[in-house]
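What you see below is based on every heavy atom in this structure, not just the backbone, and it leaves out hydrogens, waters and symmetry mates. When a residue number appears, it is its place in the shown sequence, counting from 1.
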Amino acid sequence: MKTVLLALVALTLSSAAAARSKPAQGMVSAADPRGAAAGVEMLRAGGSATDAAIATMLALNVVEPQSSGIGGGSFWVSHAAGKATPTTIDAREAAPAAADARWFYKPDGTPMGVRQAAPGGRSVGVPGALRGMALAHRQGGKLPWARLFGPAIRLARDGFRATPRLVNGLAAYGGHITAETRALYSRPDGQPLAVGDLVRNPAQAALLERLATQGADSFYVGPQATKIVATVNGAARNPSKMTVGDLASYDAKPRPPVCRTYRAYRVCGMGPPSSGGVAVLMILKQLERFDMAALGKDSPVAWHLFAEASRLAYADRDLYIGDPDYVQVPVEGLLDAGYVASRSALISPERTMARVAAGTPPGAPPRVLATVRETPGTTSLVAVDRRGNAVKVTTTVEGYFGSGLTVDGTVLNNELTDFDIVPDRHGALAANRVEGGKRPRSSMAPTIVYNPDGSVRIALGAAGGSTIIAQVAKALVGVLDWKLSAQDAIALGLLYAPGPVVAEQGTQAETMAPALRALGQQVRVAPLGLKTNAIERVGGRWVGAADPRSEGVTIAEDGTVAEPTRFNPQRAPE
């Protein structure tokens, strides 16, 4: 199936030049080759990295409906050539105004579990992806808005071939989707899709055509907004209380990036309501006093240190990060040099911390620990252009196929289950509790790293729920400390340690489990849902990387397809 997809991509880009090493060309790395090809089509038309990212997102909306789409949200980190600091866009979904602290409570007064809360209307946040695209296009687009929709419209109208990821996701994780949604992704006789089946989505094609000609606003006001509200409020499971005013009032927001140095590099990521940027930086800064380069990628001690730094960062992240428009988030305190040093001092190369709890950074408000289990329906993409611009987007519908609801062939998210369902404990309020209009905390961590001279070193991000933070931090240690290529760093197996360690099954992480246990780590070997994409700058040219666990590829502007050597450790869904 992968060979067929790449052949189709090659036909799409058949007129490309053959200069493989031309330094001025752009490229796109995405989790599906049809998405990457859509972005490259924009680059070849003279479009910017922003144009390419939007076209890629729209195409992924069609071919990867289980993971992302305009029914969800996104975070953007963008570098403009010649600028020293990236810009970021918060297009995270928002709770309806009617949402309150007991939004996910049952009639008997007890809280729902995530699996109870996710299906149906109440988990749907006001989608932010299109507003984010529109803001990004105003900031950095070069091609006309309507032009960016062409590849996605063709894919929805003419059809696309079902991949193993889509087919397996439907079989394993599609039990909550509605009959209407299931019909979109079934054979004409109602039987389940098989790999290679042609999938057409004419309703989605018509919606995309309307959005191309009428603009993003047409999704948030008028008949389309009315249809979305009717769908979520009339859902058979967990009906919502969304209004057309909730959609009309939604805006994507520019946010300040979160930047710190690691070694000689400047690492910039997304600030709250994403926890990803802060948590990645906390892991790196806590590791900075250790000679990770000398230890090397094959050292159990190096991975032990990584796990310990992760546990500390996740503990602080769980306690303090929320929507900064609603709660006080001590970003500067969490990244304060003295505070990070005090947290790092808890880490020993010789033993495991007996207990990990959140600390008290400068400016910290009182909070109660409330842990959210994020589900991994997310995708990641990077686009760069010949002018030196770079765009990193992580976009999601939350769980596989989101809420299970669709409007005009498009999946609606279940993003509100990223809130803490229980709003208080022992009389203290959770930073990430549900409130009307609020945006739930996320682990998405789109990141751009700068060389000491201010040039871009690498742009990367990941999908996979709360593993995103560990995936990005691991890849950065691999590139910056261990001098691996981005491709090799992404391929490394992961130690995921929000608490006890999970060593990724079928990778070198699993083989280190005995040595880690000897250092006192509690280690469980299990599959992990990982999906990272990156583009790095090497020798004056862009070099792409995609996760070998995924269906992702990198496609250059000249048509060159860089497909990683695939490996398939048993894994959870991405």
Side-chain angles (χ1 to χ4, degrees), residues 26 28-31 35 38-39 42 47-61 67-70 72-81 83 85-94 125 127-143 145 148 216 250-259 267-278 280 323-324 378-385 388-397 413 415 439-450 456 458-463 468 472 532-535:
V28 178
S29 178
M42 300 306 118
S48 65
T50 297
D51 294 324
I54 294 170
T56 300
M57 292 172 71
L58 291 167
L60 291 173
N61 174 69
S67 296
S68 69
I70 61 174
S74 60
F75 290 119
W76 294 64
V77 178
S78 302
H79 164 75
K83 299 290 182 66
T85 301
T87 59
T88 73
I89 295 173
D90 167 10
R92 181 71 160 158
E93 303 88 336
L130 271 169
R131 285 282 195 220
M133 292 179 198
L135 176 56
H137 188 252
R138 291 195 296 272
Q139 292 178 346
K142 290 180 66 66
L143 297 176
W145 172 258
L148 311 180
Y250 180 90
D251 276 319
K253 299 182 178 183
R255 299 278 192 187
V258 178
C259 300
V267 181
C268 292
M270 190 74 214
S274 177
S275 65
V278 173
V280 166
D323 185 339
T378 302
T379 201
S380 173
L381 60 104
V382 190
V384 298
D385 63 33
N389 303 304
V391 174
K392 175 69 201 74
V393 186
T394 308
T395 181
T396 185
V397 291
N413 69 85
E415 210 63 64
R439 303 178 187 209
R441 183 181 63 214
S442 169
S443 292
M444 293 190 288
T447 303
I448 295 179
V449 179
Y450 293 86
V456 172
I458 186 172
L460 77 164
I468 289 171
V472 171
T532 305
N533 292 84
I535 296 177

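- A salt bridge is defined here as a Lys NZ or Arg NE, NH1 or NH2 lying under 4.0 Å from an Asp or Glu carboxylate O, and Glu415 with Arg439 fails to meet this definition.
- When atom types are taken as modelled, the side chain of Ser48 and the backbone of Gly140 share a donor-acceptor pair closer than 3.5 angstrom.
- Across all their heavy atoms, Ser274 and Ser443 have their closest contact at OG-C, 4.3 Å.
- Of all non-hydrogen atoms in Val280 and Ala445, the two that sit nearest each other are CG2-CB, 4.1 Å.
- Tyr450 OH to Lys83 NZ: the interatomic distance, rounded to the nearest 0.5 Å, is 10.5 Å.
- A distance of 10.0 Å separates CG in Leu460 from OG in Ser29, rounded to the nearest 0.5 Å.
- Here the side chain of Thr394 pairs no donor or acceptor atom with the backbone of Phe75 at under 3.5 angstrom.
- Judged by distance alone, the side chain of Lys392 and the main-chain N or O of Leu381 form a donor-acceptor pair under 3.5 Å.
- From Ile458, atom CD1 reaches atom OG1 of Thr447 across 9.5 Å, with rounding to the nearest 0.5 Å.
- In plain terms, the two heavy atoms of Pro324 and Pro273 that are nearest each other are CD-N, 3.7 Å.
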**Message:** Run the side chain to side chain contact (heavy atoms under 4.5 Å, CB included) test on His79 and Asn389 for me, step by step, so that the C-alpha distance in whole Å, both residues' side-chain angles and the decisive distance to 0.1 Å come before the verdict.
**Reply:** CA-CA 6 Å; His79 164 75; Asn389 303 304; 5.5 Å; no

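- Heavy-atom minimum distance, Pro86 versus Cys259: CD-SG, 4.5 Å.
- Every residue two or more places apart in sequence or in another chain was checked for a ring pair (Phe, Tyr, Trp, His ring centres under 6.0 Å) with Tyr250, and none qualifies.
- Without hydrogens or angle criteria, Asn61 side chain to Ile70 main chain gives a donor-acceptor distance under 3.5 Å.
- Side chain of Asp251 to main chain of Lys253: no donor-acceptor pair is present (N/O by atom type, distance under 3.5 Å, no hydrogens or angles).
- The nearest pair of heavy atoms linking Cys268 to Val77 is O-CG1, 4.5 Å.
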**Message:** Would Val382 and Val28 count as a side chain to side chain contact (heavy atoms under 4.5 Å, CB included) here? Give the steps.
**Reply:** CA-CA 6 Å; Val382 190; Val28 178; over 6 Å; no

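- Residues meeting the salt bridge (Lys or Arg N to Asp or Glu O under 4.0 Å) test with Lys142, sequence neighbours left out: none.
- Counted by atom type alone, Ser74 and Thr395 present zero donor-acceptor pairs between their side chains at under 3.5 Å.
- If you run side-chain contact (heavy atoms from CB on, under 4.5 Å) between Val456 and each of Val449, Val384, Ile448, Ile535, only Ile448 comes through.
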**Request:** With side chain to side chain contact (heavy atoms under 4.5 Å, CB included) as the test, would you mind laying out the steps for Asp90 and Met270 before giving the verdict?
**Result:** CA-CA 8 Å; Asp90 167 10; Met270 190 74 214; 4.0 Å; yes

**Item:** Evaluation steps, side chain to side chain donor-acceptor pair (under 3.5 Å), between Thr396 and Thr378
**Value:** CA-CA 4 Å; Thr396 185; Thr378 302; 2.8 Å; yes

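- The distance from the CG atom of Asp51 to the CG atom of Leu148 is 5.0 Å, given to the nearest 0.5 Å.
- Residues Ile89 and Ala252 approach most closely at CG2-CB, 4.1 Å, considering heavy atoms.
- For the pair Asp385 (side chain) and Ala49 (backbone), a donor-acceptor distance under 3.5 Å is present.
- Under a 3.5 Å cut-off, the side chain of Arg92 and the backbone N or O of Gly128 do not form any donor-acceptor pair.
- For Asp323 and Arg255, the salt-bridge test passes: some basic side-chain N is under 4.0 Å from an acidic carboxylate O.
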